Peer 1: 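Submitted below is the structure of interest, expressed as structure tokens.
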Amino acid sequence: RWERAKVLGFGDGTSIYDSALVFGSPEIGENCWIGPNTIIDGSGGLSIGKGTTISVGVQIYTHDNIRATLSYGEEEIERKPVSIGKCTYLGPNVIVTKGVSIGD
């Protein structure tokens, strides 16, 4: 898990389960724990501070295609960054949507 985190460019001491899906290039600090069956979408900009826990089943999205779908593709996919502070705990099955900021 720690080797995968290194390959993904995450901070020292961070671990991520093999079943976690990662999209884009999220910035994840040191000593974070990213649990199994999570979705980490960094395609619209994602930063997660050091010492944060992302529990099992958490989904973090920095984009959605609602407007694109409803406009039959005339609108673009909407992307907005997500920021999660340091020493933050996201419990099991939490869903974080685009544009959300969670403090320390």
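Computed from a prediction, not measured in an experiment: that's the story for all the values here. Every heavy atom of this structure was used, including side-chain atoms; hydrogens, water molecules and symmetry mates were not.
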Peer 1: For residues W33 and Y17, establish whether the separation of their ring centroids is below 6.0 Å.
Peer 2: yes
Peer 1: Could you tell me which non-hydrogen atom of C32 sits nearest to which non-hydrogen atom of G51, and how far apart they are?
Peer 2: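 Smallest heavy-atom distance, with atoms named: SG-N, 3.8 Å.
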Peer 1: Could you give the distance from CG (L21) to CD1 (I16), rounded to the nearest 0.5 Å?
Peer 2: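 Between atom CG of L21 and atom CD1 of I16 there are 9.0 Å.
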Peer 1: Could you list all the side chain to side chain donor-acceptor pair (under 3.5 Å) pairs where at least one residue sits in residues 76-90, not counting sequence neighbours?
Peer 2: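 Sorted pair list: S43-R79, S55-Y89.
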Peer 1: Find the distance between CG (N93) and CD (Q59) and round it off to the nearest 0.5 Å.
Peer 2: 8.0 Å
Peer 1: If you apply the rule side-chain contact (heavy atoms from CB on, under 4.5 Å), what do you find for D64 with T97, and how did you get there?
Peer 2: CA-CA 8 Å; D64 69 38; T97 59; over 6 Å; no
Peer 1: Is it true that, when you exclude R67 itself, more than 12 heavy atoms of the residues, nucleotides or ligands shown sit nearer than 6.0 Å to its CZ?
Peer 2: no
Peer 1: Quick one: pull up CD1 in I60 and CD1 in I34 and give me the separation to the nearest 0.5 Å.
Peer 2: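 Here the rounded value is 7.5 Å.
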Peer 1: Just wondering, are more than 12 heavy atoms of other shown residues or ligands nearer than 6.0 Å to CG in D12?
Peer 2: no
Peer 1: For L8 and T14, run side-chain contact (heavy atoms from CB on, under 4.5 Å): C-alpha distance rounded to whole Å, both residues' side-chain angles, the deciding distance at 0.1 Å, then the answer.
Peer 2: CA-CA 10 Å; L8 290 168; T14 291; over 6 Å; no
Peer 1: Quick one: pull up OG1 in T69 and CD1 in I77 and give me the separation to the nearest 0.5 Å.
Peer 2: 8.0 Å
Peer 1: Got a second to check how far F10's CZ is from E27's CD, nearest 0.5 Å?
Peer 2: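 Rounded to the nearest 0.5 Å, the CZ-CD separation comes out at 10.5 Å.
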Peer 1: Out of I48, V100, I28, which one pairs with I84 under the side-chain contact (heavy atoms from CB on, under 4.5 Å) rule?
Peer 2: I48
Peer 1: Would you kindly confirm whether L90 and I39 end up in one hydrophobic cluster when ILVMFWY residues are joined by side chain heavy atoms under 4.5 Å apart?
Peer 2: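 Different clusters.
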Peer 1: Does Y61 share a hydrophobic cluster with V22, counting links as ILVMFWY side-chain heavy atoms below 4.5 Å and allowing steps through other members?
Peer 2: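 As far as the 4.5 Å side-chain criterion goes, V22 and Y61 are not connected within one cluster.
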Peer 1: Look up atom OG1 in T62 and atom CZ in F23, then write down how far apart they are to the nearest 0.5 Å.
Peer 2: 10.5 Å
Peer 1: Let's go through D104 and C87 carefully: what are the C-alpha distance in whole Å and the side-chain angles of both, what is the deciding distance for side-chain contact (heavy atoms from CB on, under 4.5 Å) to 0.1 Å, and is it a yes or a no?
Peer 2: CA-CA 6 Å; D104 296 340; C87 300; over 6 Å; no
